[in-house]
Amino acid sequence: MEVRPAEPILARATVGNTESATWIAPAKSAAGASAWATGTVALATNPASELQMREPVPIPSDTPMLGTAVLNSFVLSPGITKDTHAIVRMTAWQRMWFGEKIAFQVRIVQ
């Protein structure tokens, strides 16, 4: 991915539930992730990622087996000033990481 220096990096994602358990969406809250119940599902940057999102992106609604969740435009980063790498992955909040790790490079272009 190529971005301009210090400009917000916007992204969107479509994720599919290929397992038997329904993904539970976090309850809407102005407090954000700090108010989520343990085990609710979101997309987040992995702890090993150089680039870190300010907050995970919750799935918009409960997603059953073989269902799809569309995560519309979100801020991956408020901006970077040097080349970096990112790793995003699904998380059952405060419980576990799951699914495929998506790793990519983010490069500055002028």
Side-chain angles (χ1 to χ4, degrees):
M1 171 185 291
E2 295 180 336
V3 299
R4 295 192 183 280
E7 289 187 7
I9 302 170
L10 303 179
R12 65 177 178 229
T14 301
V15 292
N17 181 357
T18 60
E19 298 299 327
S20 59
T22 295
W23 293 349
I24 305 301
K28 306 284 188 261
S29 170
S34 65
W36 293 352
T38 298
T40 55
V41 176
L43 178 70
T45 40
N46 188 278
S49 179
E50 283 181 356
L51 184 146
Q52 288 291 314
M53 295 166 59
R54 288 188 179 174
E55 190 159 65
V57 181
I59 59 172
S61 59
D62 292 355
T63 305
M65 179 179 155
L66 302 180
T68 299
V70 177
L71 308 176
N72 288 317
S73 186
F74 59 90
V75 178
L76 184 62
S77 170
I80 61 172
T81 56
K82 65 179 184 74
D83 292 355
T84 189
H85 80 278
I87 303 168
V88 294
R89 195 169 186 196
M90 299 304 292
T91 181
W93 188 244
Q94 297 181 336
R95 183 173 289 158
M96 64 181 279
W97 295 94
F98 67 92
E100 184 179 354
K101 289 181 188 177
I102 306 297
F104 53 94
Q105 294 293 319
V106 185
R107 294 187 177 92
I108 298 288
V109 294
Q110 299 300 323

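Just the heavy atoms: all of them, side chains too, but no hydrogens, waters or symmetry mates, feed the values below. Values in this document were obtained by computation on a predicted structure and should not be read as measured data.
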**Q.** Heavy-atom side-chain proximity of W93 to T38 below 4.5 angstrom
**A.** no
Q: Starting at OG1 of T91, measure out to CE of M96 and round the result to the nearest 0.5 Å.
A: 8.5 Å
Q) Is there side-chain contact between V106 and V3, with heavy atoms separated by less than 4.5 Å? A) yes
Q | Heavy-atom check, side chain of I108 versus side chain of I80, under 4.5 Å | A | yes
Q: Start with the C-alpha distance between R12 and L71, add both sets of side-chain angles, then the distance that settles side chain to side chain contact (heavy atoms under 4.5 Å, CB included), and finish with yes or no.
A: CA-CA 6 Å; R12 65 177 178 229; L71 308 176; over 6 Å; no
(Q) Tell me the closest heavy-atom pair linking V41 and P26, and the distance in Å. (A) O-CD, 3.6 Å
Q.
Rounded to the nearest 0.5 Å, what separates atom CZ in R107 from atom CE in M1?
A. 11.5 Å
Which atom pairs, donor and acceptor, lie under 3.5 Å between side-chain atoms of residues 54-69 and protein residues at least two apart or in another chain?
unit_1, atom_1, unit_2, atom_2, d
E55, OE2, A33, N, 2.9
D62, OD1, A25, N, 2.8
T63, OG1, S61, O, 3.0

**Q.** Euclidean distance, L43 CG relative to L76 CG, rounded to 0.5 Å
**A.** 8.5 Å
Q.
Would a single hydrophobic cluster contain both F74 and F104, if residues Ile, Leu, Val, Met, Phe, Trp and Tyr are joined by side-chain heavy-atom contacts under 4.5 Å?
A. yes
Q. Are P5 and T81 close enough that some pair of their side-chain heavy atoms sits under 4.5 Å apart?
A. no
Q) Minimum heavy-atom separation for A31 to S34, with atom names? A) O-OG, 2.9 Å
Q. Any side-chain heavy atom of I102 within less than 4.5 Å of one from R89?
A. no
Q) Quick one: CD1 on I24 to CH2 on W36, what's the gap to the nearest 0.5 Å? A) 14.0 Å
Q | side chain to side chain contact (heavy atoms under 4.5 Å, CB included) involving Q52 - partner list, sequence neighbours excluded | A | T45, S49
**Q.** Spatial distance of atom CE (M90) from atom CZ (F98) [nearest 0.5 Å]
**A.** 4.5 Å
Q: Determine whether more than 12 heavy atoms belonging to other residues, nucleotides or ligands lie under 6.0 Å from atom CD of E19.
A: no
Q. Quick one: NE2 on H85 to CD on E50, what's the gap to the nearest 0.5 Å?
A. 5.0 Å
